[in-house]
2 protein chains.
Amino acid sequence: MCANALVQAGVNVRIIDKRPEGLIAGQADGCQPRTLEILHSYDSTLSEKMFKRGEILHKTTFYNPSPGGGIEKTSSAVSINAPTARWEYSVNLHQGGIEGILLEAMADKGSRVERSTVPTAIEVSQLSEDLQNPTAYVAKVTLKNLEREEDDLEIVHAKFVLGSDGAHSWVRKAFDIAMEGDNTDSIWGVVDMVPDTDFPDFRTKSFVHSKDGTVFIIPRENDMIRLYIQQGPESDVIDSATGRVDKSRTSPEKLIEQGQKILRPYRMENKDGKVAWWTVYVVGQRVAVKYSIDERAFIAGDACHTHSPKAGQGLNASMGDTHNFAWKVAYVLRGWSPLSLLKTYESERRTYAQELIDFDKSFSKLFTDRPRTEVHQNGVTHEQFLGAFKTASGFTSGMAIRYKPSSIVDDTHQSVASNLVVGERMLPYIFIRAASSQPIEIHDMLPADTRFKILVFAGNMADVVDRAKLEALGEELNKPESFMRRYGRSEGGKWQVFDLVCFSAATKDAVSFFDFPEFFRWHWTKALLDDKDMHGRSGGSGYAKFGIDENAGAIVVVRPDGYIGTIAPLEDVAFLNAYFAAFLLH
Amino acid sequence: MCANALVQAGVNVRIIDKRPEGLIAGQADGCQPRTLEILHSYDSTLSEKMFKRGEILHKTTFYNPSPGGGIEKTSSAVSINAPTARWEYSVNLHQGGIEGILLEAMADKGSRVERSTVPTAIEVSQLSEDLQNPTAYVAKVTLKNLEREEDDLEIVHAKFVLGSDGAHSWVRKAFDIAMEGDNTDSIWGVVDMVPDTDFPDFRTKSFVHSKDGTVFIIPRENDMIRLYIQQGPESDVIDSATGRVDKSRTSPEKLIEQGQKILRPYRMENKDGKVAWWTVYVVGQRVAVKYSIDERAFIAGDACHTHSPKAGQGLNASMGDTHNFAWKVAYVLRGWSPLSLLKTYESERRTYAQELIDFDKSFSKLFTDRPRTEVHQNGVTHEQFLGAFKTASGFTSGMAIRYKPSSIVDDTHQSVASNLVVGERMLPYIFIRAASSQPIEIHDMLPADTRFKILVFAGNMADVVDRAKLEALGEELNKPESFMRRYGRSEGGKWQVFDLVCFSAATKDAVSFFDFPEFFRWHWTKALLDDKDMHGRSGGSGYAKFGIDENAGAIVVVRPDGYIGTIAPLEDVAFLNAYFAAFLLH
């Protein structure tokens with residue numbers, strides 16, 4: 001994820017991986033709505049490949065103990081409840097499949113993973129003149145190729161290093177970064193297989209609570225399902241000497257047998273006897289005490305945080321980490337921002353990881369506790385479970401991620417666009433192009449191309465007052481002291497740092513492209529109208545949806561990662577000048 | 001188009017082209033809704049690439065003479081009025097771009113075009129034992145590589161040959177196939193360029209009728225537009241000696257100048273002075289008297305039919321030809337069908353070409369005639385023009401193509417599914433999967449994979465009577481004398497010739513996947529429900545939309561090219577047995 005983002009940004013990257021081959025099955029798999037949006041923002045082919053290669057989950061069913069013994073369906077619901085999501089569902093594809101999509105995108109730019117390669121030593125210069133110089137090669141990493149001679153080592157000098165090397169991160173340990181938090185007593189077995197079953201909901205996400213334990217069924221690619229099977233108190237998969245899971249104490253056959261017991265009276269067999277992947281693990285809920293060494297060496301993903309997979313967050317939280325990181329390091333490398341910008345990687349993503357673990361603690365308890373039955377009157381009721389499941393959707397979908405005020409998040413003028421929450425991702429919506437009446441999803445105008453998007457909601461261009469205000473704004477933005485000219489790095493008539501899109505509240509019949517002031521019609525695709533498409537099927541009332549007053553207007557600044565950096569009144573260019581001065585270099 | 005279709009079907013194809021390189025600009029360009037559906041049916045990446053690389057046209061504007069001189073906008077409308085289209089718009093991309101998408105798809109299967117190569121001689125054996133044997137190499141083609149020595153020829157023996165070599169087809173001439181019809185006196189100049197203009201609708205399809213002539217503006221890829229400029233009676237581009245266009249008598253600059261005059265008071269300059277492509281042509285309206293020599297050598301596309309480009313049909317009619325041809329020749333080559341199946345290529349596509357030319361005659365007259373003004377009281381009114389434009393949409397979109405009854409089209413039981421017209425393409429609509437509640441566009445279950453799709457509309461599976469009827473149908477279809485077993489060529493549990501999809505009228509709450517009889521749930525993706533998706537946004541009432549009685553049901557047979565071959569009552573397997581017996585081999 002990180003390597004692809006940096007390669008697309010033109011950064012010179014070396015990416016090494018211990019594995020001799022890419023993953024072919026199993027591991028993390030659930031791509032949540034926000035992650036789909038993020039992948040799409042790099043290139044629409046990434047999300048399209050996810051939809052084609054993965055399994056799209058639309059429905060969740062809940063089974064509970066039946067009074068007559070066995071289990072019965074209690075209810076069903078949408079699999080994701082996230083009304084603002086562009087795609088209101090998750091997509092399941094094994095981790096190697098997701099990595100493959102990113103590797104293909106990198107390969108198009110001539111980049112590939114160096115495999116069978118591990119670091120054996122790492123250090124970061126502690127000279128302050130080095131640390132303060134973003135172009136200094138402060139990190140020294142010793143690499144060993146596992147397929148070559150023992151003493152065939154390579155020394156790499158790098159400006160920045162990132163370890164996204166998993167829960168047992170070598171980089172994290174090399175820098176002696178502690179993990180805070182604990183293991184839980186929640187233990188799960190996992191099996192990926194093609195089922196032969198009469199369980200009616202074998203192709204929906206199913207949460208099955210029985211008197212004999214809990215099973216989750218997650219449909220996936222190639223007709224397979226994943227079974228998560230709770231290991232009860234009688235389980236002996238923990239080696240008491242080490243306190244760690246000993247996989248040899250169980251087997252996929254044993255796990256499937258446990259699942260079969262829980263799923264009674266339904267039948268659940270392994271159709272072809274093959275197991276694509278399996279594992280057993282103890283849920284840990286931990287977060288690294290810090291995410292970087294002097295903003296030059298970093299960790300990301302499972303190296304920073306672990307939690308239960310119940311909410312399907314691991315892969316998503318990890319991809320979100322480096323999506324947050326990549327544009328910042330690109331800005332520093334290009335000399336566009338000071339090194340301090342990189343502090344916001346830890347402040348934004350570590351806070352989120354802590355929130356995720358807090359959420360996970362309450363959420364996963366619901367899965368681990370026994371269901372309420374006549375015998376277990378203290379158990380979790382289905383209503384409790386369902387309620388938690390619904391309220392959790394904002395979190396599990398990724399929609400509710402909100403970065404707190406910082407040097408790059410300023411919510412001073414939140415009220416100017418009351419439904420666009422500063423620090424959250426920009427909402428998707430459809431507007432139409434003034435020149436062509438083509439409907440366009442605004443997310444498609446916010447690619448992860450490392451540019452800040454300046455979205456000018458200009459009021460009604462058919463109104464002379466609004467039009468005059470916009471003319472004045474154009475003049476203001478075109479002054480040498482404006483942030484656009486000061487930090488925009490114009491090249492061949494195109495800003496490298498900014499993209500400018502203008503939205504008029506007027507309809508297509510009232511306003512033409514040429515009614516926009518020249519500054520805002522620098523390209524015909526960049527002048528939009530808040531109106532329905534030619535068939536009246538999409539678009540319209542976007543100002544109201546975003547909570548923007550048509551008479552007042554608003555300027556919305558969307559960061560390169562799609563999150564709203566700040567919002568300003570139409571007249572307050574000075575505010576924006578100050579906002580960008582905090583983290584951009586002249 | 002043809003080569004890709006055949007390569008995807010596993011047919012051994014050689015494709016030669018006189019051009020040393022692929023086209024890089026100009027030529028035909030407008031992909032109409034049905035053509036987009038057809039491309040999508042081969043692989044969704046084909047339509048996705050069209051949307052990304054081309055220009056999607058949503059709007060048409062009409063300009064007419066202004067009382068005060070010059071022109072003014074009279075009205076605007078949707079660019080395509082085709083309510084049943086999956087994508088209700090056209091996409092403009094230069095012909096080389098469209099060919100490139102097909103070449104990429106072929107390249108994935110290891111096939112490429114042999115360039116700089118022309119045929120110098122062609123013959124088809126006239127021995128009847130050869131002609132009646134589909135595996136005989138009856139065609140002998142002599143090829144010459146234009147980059148090699150003059151006498152470096154290659155003889156190719158082929159089972160079948162197709163000439164899709166344009167309006168001046170060498171293959172057509174080699175077999176002395178006559179063209180019926182005439183040239184018109186309508187002459188047009190065409191220029192592709194990036195405009196510098198204040199014409200408000202430079203990014204919509206615009207029909208401009210002025211006192212000085214007619215111009216059409218067609219927006220296209222890379223910020224370009226295409227100008228079609230009518231050549232008036234004063235034009236001298238025709239060489240009276242040859243009766244053909246002499247391009248040297250005009251120039252893109254002259255054409256643009258003519259356009260500028262028509263577009264006054266608006267300004268229209270060539271922004272960067274570059275012309276991507278230009279031409280001048282006389283509209284011909286002709287059709288070849290036959291499309292094949294003994295069903296072994298064929299012609300397709302412009303080699304068979306020419307007409308005005310006003311309705312944007314040329315490329316679409318041509319791609320439709322070989323889409324119709326490819327599966328038929330694949331069936332014959334595989335020994336699945338007798339040679340006689342190939343007769344339907346000419347009967348279906350030549351009839352369509354004649355209809356197209358009849359349509360073109362009336363439609364293009366509207367463009368050529370002068371607009372009604374005070375001086376020209378006999379001119380075409382805007383209302384006449386707009387009326388014709390709207391009623392033409394079914395034709396121009398490709399939706400109204402209807403193949404007449406033949407050995408492969410049988411409308412005996414049309415009334416059983418009154419809105420699914422036998423001979424027309426299957427309607428798109430969204431159903432949901434019984435096992436997962438995933439919404440699925442039925443067109444996505446009708447890929448151009450050379451299989452006939454047997455769509456069983458089974459009534460309400462929750463109803464014991466309907467369920468019993470379906471059980472009985474399953475038993476009937478599973479008998480040795482049924483068309484499925486007789487012609488299905490089952491291999492590893494999968495029919496090579498057929499795909500079977502079952503639609504129940506029941507809701508997801510009333511019916512589960514396991515309520516379908518075993519014969520119809522051979523794969524979990526193939527059992528569908530006529531119900532809304534989990535969010536209630538799509539699907540539902542599909543039976544009503546298709547005109548199928550929930551109590552009676554229907555069997556709809558969709559041909560490999562997406563057209564409805566026949567419809568049968570649920571009980572009448574004998575009718576289907578006879579239908580397939582007419583053109584499939586045991």
Side-chain angles (χ1 to χ4, degrees), chain A residues 43-45 48-49 51-52 55-61 73 75-83 85 88-89 194-195 197-206 219 223 225 266 432-440 444 508-509 511-515 523-525 527 533-538, chain B residues 43-45 48-49 51-52 55-61 73 75-83 85 88-89 194-195 197-206 219 223 225 266 432-440 444 508-509 511-515 523-525 527 533-538:
Chain A
D43 191 314
S44 58
T45 57
E48 285 159 7
K49 286 178 181 177
F51 300 144
K52 282 177 208 177
E55 187 69 15
I56 299 175
L57 302 186
H58 288 268
K59 186 175 179 178
T60 305
T61 59
K73 179 151 47 176
S75 68
S76 58
V78 296
S79 77
I80 295 278
N81 198 321
E88 201 173 351
Y89 41 75
V194 177
T197 183
D198 58 4
F199 180 72
D201 292 299
F202 71 109
R203 293 307 306 176
T204 79
K205 197 198 280 187
S206 299
D223 294 345
I225 60 172
Y266 298 106
I432 65 167
R433 292 202 163 113
S436 65
S437 294
Q438 291 161 320
I440 177 83
D444 287 337
K508 52 189 170 297
D509 295 325
V511 157
S512 106
F513 174 69
F514 292 102
D515 291 322
H523 192 267
W524 66 269
T525 56
D533 68 52
M534 288 300 292
H535 291 290
R537 291 175 192 149
S538 61
Chain B
D43 191 317
S44 58
T45 59
E48 285 159 7
K49 286 177 180 176
F51 300 143
K52 281 177 207 176
E55 187 69 15
I56 300 175
L57 302 186
H58 288 267
K59 188 175 176 176
T60 304
T61 60
K73 178 152 49 176
S75 67
S76 58
V78 296
S79 76
I80 295 279
N81 198 322
E88 201 174 351
Y89 42 75
V194 177
T197 183
D198 58 4
F199 180 71
D201 291 299
F202 72 108
R203 293 307 305 176
T204 79
K205 197 198 284 188
S206 297
D223 295 344
I225 60 171
Y266 299 106
I432 65 167
R433 291 202 164 113
S436 65
S437 293
Q438 292 161 320
I440 178 82
D444 287 338
K508 51 188 170 298
D509 295 326
V511 156
S512 107
F513 173 69
F514 292 103
D515 290 324
H523 192 267
W524 66 268
T525 56
D533 68 51
M534 288 300 294
H535 292 288
R537 290 175 192 148
S538 62

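Just so it is clear: chains get the letters A, B, ... in the order the sequence lines come, proteins before strands, and each one is counted from 1. Computed from a predicted structure; not experimentally measured.
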Participant: Counting heavy-atom pairs closer than 4.5 Å to chain A, which one of Tyr89(B), Phe514(B), Trp524(B) comes out on top?
Facilitator: Trp524(B)

Participant: Measuring from atom CG of Asp198(B) to atom OG of Ser512(A), what distance do you get when rounded to the nearest 0.5 angstrom?
Facilitator: 9.5 Å

Participant: Would a 4.5 Å heavy-atom cut-off, applied to side chains only, mark Asp223(B) and His523(A) as touching?
Facilitator: yes

Participant: Locate the shortest heavy-atom distance separating His58(B) from Met534(A); write the atom from each residue and the value.
Facilitator: O-CG, 3.4 Å

Participant: For Thr45(B), which residues count as a side chain to side chain contact (heavy atoms under 4.5 Å, CB included) partner, sequence neighbours excluded?
Facilitator: Lys52(A), Asp43(B), Glu48(B)

Participant: Please flag which part of Ile440(B) lies under 4.5 Å from any non-hydrogen atom of chain A: side chain, backbone, both or neither.
Facilitator: neither

Participant: With only heavy atoms counted, which part of Asp533(B) is less than 4.5 Å from chain A, the side chain, the backbone, both or neither?
Facilitator: neither

Participant: Is it the backbone or the side chain of Ser44(B) that comes under 4.5 Å from a heavy atom of chain A, or both, or neither?
Facilitator: both

Participant: Is the shortest side-chain heavy-atom distance between Arg203(A) and Arg433(B) below 4.5 Å?
Facilitator: no

Participant: Side chain, backbone, both or neither: which part of Ala77(B) has a heavy atom under 4.5 Å from chain A?
Facilitator: backbone

Participant: Considering residues at least two apart in sequence or located in another chain, which fulfil the side chain to side chain contact (heavy atoms under 4.5 Å, CB included) criterion with Thr197(B)?
Facilitator: Pro195(B), Phe199(B), Phe202(B), Met268(B)

Participant: Between NZ of Lys59(A) and NZ of Lys508(B), what distance do you get to the nearest 0.5 Å?
Facilitator: 7.0 Å

Participant: How many angstroms lie between atom NZ of Lys205(B) and atom OG of Ser436(A), to the nearest 0.5 angstrom?
Facilitator: 13.5 Å

Participant: Only pairs of heavy atoms separated by less than 4.5 Å count here; which of Pro83(B), Pro219(B), Pro439(B) has the most with chain A?
Facilitator: Pro439(B)

Participant: If we only count heavy atoms from C-beta on, is the Glu55(A) to Gln438(B) side-chain gap below 4.5 Å?
Facilitator: yes

